[in-house]
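Indexing begins at 1, ligand by ligand and atom by atom, following the structure's order. Quick caveat, the model's predicted, so the values are computed rather than measured.
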Amino acid sequence: MSVDATYQADADRVPWWQEAVFYQIYPRSFADSDGDGVGDLAGARVRLADLAWLGVDALWISPFFRSPMADFGYDVSDYCDVDPLFGDLAEFDSLVADAHALGMRVVIDWVPNHTSDQHPWFLDASSSRDSPHRNWYVWRYPEPDGSPPNNWVAAFDLSAPAWTFHEPTGQWYLHLFESAQPDLNWDEPQVVEAMHDTLRFWLDRGVDGFRADAIHCIGKDPRLPDDPPEVAGIPHCALNDVPVTHERLRAIRTLVDTYPGQQVVVGEVFLLSTEEVATYYGDGDELHLAFNFPPLFAPWLADHWRGCIEDTCAALEPRGAWPTWVLSNHDNPRHRTRYDRAAARAGEDPVTAARRSEARARAAAVLLLSLRGTPFVYQGDELGLADADVPEGRRVDPGGRDGCRAPIPWDATPDHGWPTGAGVRTWLPMAPEAEERNRGAEAAEPGSVLHLYRRAIALRHATPALSRGSFEWVDLPDGVLGYRRTHAGDTVVVLVNFTGTAVAIDLAKLQGAEVLLASDDPVPRGRFAGRLGPDQALIIRT
Ligand code: NOJ
């Protein structure tokens, strides 16, 4: 069914983005069509059928715009064109058309806080203090001793100020990220208009929404005050939380909502508390969705996860805001790797550690896909991938994030579906264990992590209790979480064992109930027998 047909059929239901499972494509590492060792849009287009088979509803594609790639695309030099490395606008249009024909929506990454220092706006702005674009960025004179205007620290290199001195014009410019990513000055009305135009450009081309990068940073305190000493060492982008941003978000929301396709804006609001993040939903008039990052760092511990879930519910429910869930992304170690490292720290032998981290990653997938809120799957998580161990000589990212960005292995051939020519290699080493953990091998193996994701997504789609039902805790022994999801009289219970030992579950209502999904078993074992295996998750219909 085409996306448009789904809109018709679902007109009286909740917005599509509440029921959707999102899949993040990091295009450099997803699939390559031209053999240059860097993924591209044509490569991604070939794999759309695989994603439709997996069952995901929406794709979030990380930046593919023209860029000098100082931050691998998060430094944009033309918001309205595709970088030749990735293809061109016609290729993008074809990708959107194909995705829509397969019933998947396409959300693109919008980077509104900063441009590249090679963007024509910044080239002009830095050409003279009187240039027409000067005020499009944040410039300040040095302090009397020549130092930067305040103590803000940039992301990535925490010893570096968030300011770079521009010798030719004698002023500092602000960059909350790399110095090659100067911050736009959203106090300047022309910036607002120009950035709104970039939204219109892609909306007119038929995208289904935006993932808005570092969106909480588009407002700054006009006094540019020092960050207090108690947060020394925290990059300013994780602290920047000022009222004017909300006004700007309301304008963005109004713009996006004038389009008829229920387009979504999901914001990256990287602040330290879920309560602060929740305010960026406004009164239903700012972000449609905001990423919820604590689970991205959560260790495999029942109490920790319970805390994350409770904090999320407490912060979002009073606002009627809809949660999101994410285990991994392109900025942080994959959850499989986090669990591997924890097992190594706990002194487990490598074989046991590998077995346990896979079991945990499987159970985490069931958790992700059964919580109340929109799940985001990071490319490769559905294969159970761990981070690549990138040798020193091949590290390229200023933020040390190469490992989770390793290319996706598509098959068991020597190049794993990355048709590099002689003398060319993939831009990062292939993800580990690619002989077994590749798309082809896992598609052929019903017990694979890939099939688990597929079954869990299908179950979520077939079970409104999972996609939109209420959430309620079930009391269980230490180390185990359980919750009940109910919709229109249908109730399912999710049980997750965070411990490495089997646990007896003594709940009369569950005995003999139907097991719909088991994290470790391709064929659910019929009826629940009162026992949860080590690091196992089950979904049970009561
Ligand atoms: C967040 C993005 O996810 C990250 O990859 C990027 O480096 C920063 N924002 C800056 O754009």
Side-chain angles (χ1 to χ4, degrees), residues 22-30 39 59-79 83 86 107-119 122 137-138 152-158 160 162 164 173-184 186 195 198 210-218 220 234-240 245 265-272 277 280 287 289-293 296-297 324 326-334 376-380 387 395-406 427-428:
F22 279 71
Y23 184 94
Q24 182 190 354
I25 292 181
Y26 188 72
R28 293 183 74 86
S29 305
F30 187 61
L59 312 176
W60 148 32
I61 310 181
S62 285
F64 48 80
F65 317 105
R66 277 192 189 264
S67 163
M69 305 289 166
D71 188 13
F72 299 107
Y74 284 95
D75 50 320
V76 179
S77 57
D78 185 346
Y79 287 95
D83 195 279
F86 295 122
V107 165
I108 64 169
D109 221 310
W110 183 56
V111 188
N113 176 64
H114 44 268
T115 67
S116 159
D117 62 353
Q118 300 305 306
H119 194 295
F122 189 76
Y137 295 86
V138 184
W152 293 1
V153 171
F156 311 141
D157 175 1
L158 300 184
T164 289
Y173 67 84
L174 177 67
H175 52 88
L176 297 188
F177 296 88
E178 285 283 286
S179 63
Q181 294 166 292
D183 277 42
L184 282 164
W186 277 72
M195 290 309 290
T198 67
F210 302 92
R211 177 267 189 190
D213 187 71
I215 190 70
H216 60 297
C217 293
I218 63 172
K220 311 276 183 335
I234 299 182
H236 183 75
C237 62
L239 304 166
N240 193 80
T245 306
V265 182
V266 48
E268 185 206 29
V269 181
F270 200 102
L271 289 170
L272 303 178
V277 173
Y280 287 78
L287 295 172
L289 294 173
F291 283 119
N292 174 28
F293 288 122
L296 186 65
F297 306 108
T324 63
V326 49
L327 294 170
S328 297
N329 67 16
H330 65 294
D331 286 333
N332 296 284
R334 288 183 183 274
F376 284 75
V377 176
Y378 176 46
Q379 66 179 35
D387 287 10
R395 293 186 195 150
V396 289
D397 178 50
R401 299 162 292 183
D402 297 316
C404 62
R405 299 175 176 181
W427 76 288
L428 284 172

Undergrad: Has Arg211 got any heavy atom lying under 4.0 angstrom from an atom of ligand 1?
TA: yes
Undergrad: For Phe293, enumerate each residue passing the ring pair (Phe, Tyr, Trp, His ring centres under 6.0 Å) test, keeping only those at least two apart in sequence or located in another chain.
TA: Phe270, Phe291
Undergrad: Just jot down the ligand 1 atoms closer than 4.0 angstrom to any heavy atom of His114, in number order.
TA: 10 (C), 11 (O)
Undergrad: Can you tell me how far the CG atom of Asp387 sits from the CZ atom of Arg334, to the nearest 0.5 Å?
TA: 6.5 Å
Undergrad: Show which atoms of ligand 1 fall inside a sub-4.0 Å distance from at least one heavy-atom site of Glu268.
TA: 1 (C), 3 (O), 9 (N)
Undergrad: Taking a cutoff of less than 4.0 Å between a non-hydrogen atom of the residue and any ligand atom, is Arg405 in contact with ligand 1?
TA: yes
Undergrad: Below 4.0 Å from ligand 1: does a non-hydrogen atom of Phe72 turn up there or not?
TA: no
Undergrad: Could you tell me the residue and atom name of the protein heavy atom closest to atom 8 (C) of ligand 1, and the distance to it rounded to 0.1 Å?
TA: Phe177 CE2, 3.7 Å
Undergrad: Do the non-hydrogen side-chain atoms of Val396 and Asp402 ever get within less than 4.5 Å of each other?
TA: yes
Undergrad: For atom 11 (O) of ligand 1, what is the nearest protein heavy atom, given as residue, atom name and distance?
TA: Asp213 OD2, 2.7 Å
Undergrad: Which of the numbered atoms in ligand 1 are under 4.0 angstrom from any heavy atom belonging to Phe156?
TA: 7 (O)
Undergrad: Checking ring-ring contact (aromatic ring centres under 6.0 Å, His included) against His330, which of Phe72, Tyr74, Phe30 comes through?
TA: Tyr74
Undergrad: Just jot down the ligand 1 atoms closer than 4.0 angstrom to any heavy atom of Asp331, in number order.
TA: 1 (C), 2 (C), 3 (O), 4 (C), 5 (O)
Undergrad: Over 60° means perpendicular and under 30° means parallel, so tell me whether Phe65 and Tyr79 are parallel, tilted or perpendicular.
TA: tilted
Undergrad: Which heavy atom of the protein is the closest neighbour of atom 7 (O) of ligand 1, given with residue, atom name and distance?
TA: Asp71 OD2, 2.5 Å
Undergrad: What atoms of ligand 1 come closer than 4.0 angstrom to any heavy atom of His330?
TA: 2 (C), 3 (O), 4 (C), 5 (O)
Undergrad: Are the side chain of Asp75 and the backbone of Ala70 linked by a donor-acceptor contact shorter than 3.5 Å?
TA: yes
Undergrad: Which of parallel (below 30°), tilted (30 to 60°) and perpendicular (above 60°) describes Trp152 and His236?
TA: parallel
Undergrad: Mind checking what makes ring pair (Phe, Tyr, Trp, His ring centres under 6.0 Å) contact with Tyr173, not counting sequence neighbours?
TA: Phe122, Trp139, His175
Undergrad: Please could you name the atoms of ligand 1 that Arg401 approaches to less than 4.0 Å, counting only its heavy atoms?
TA: 4 (C), 5 (O), 6 (C), 7 (O)
Undergrad: Without hydrogens or angle criteria, can the side chains of Tyr137 and His119 be said to hold a donor-acceptor pair below 3.5 Å?
TA: no
Undergrad: Heavy-atom distances under 4.0 Å decide this one: backbone, side chain, both or neither, for Tyr26 against ligand 1?
TA: neither
Undergrad: Determine, using heavy atoms of Glu178 and all atoms of ligand 1, whether some pair is separated by less than 4.0 Å.
TA: no
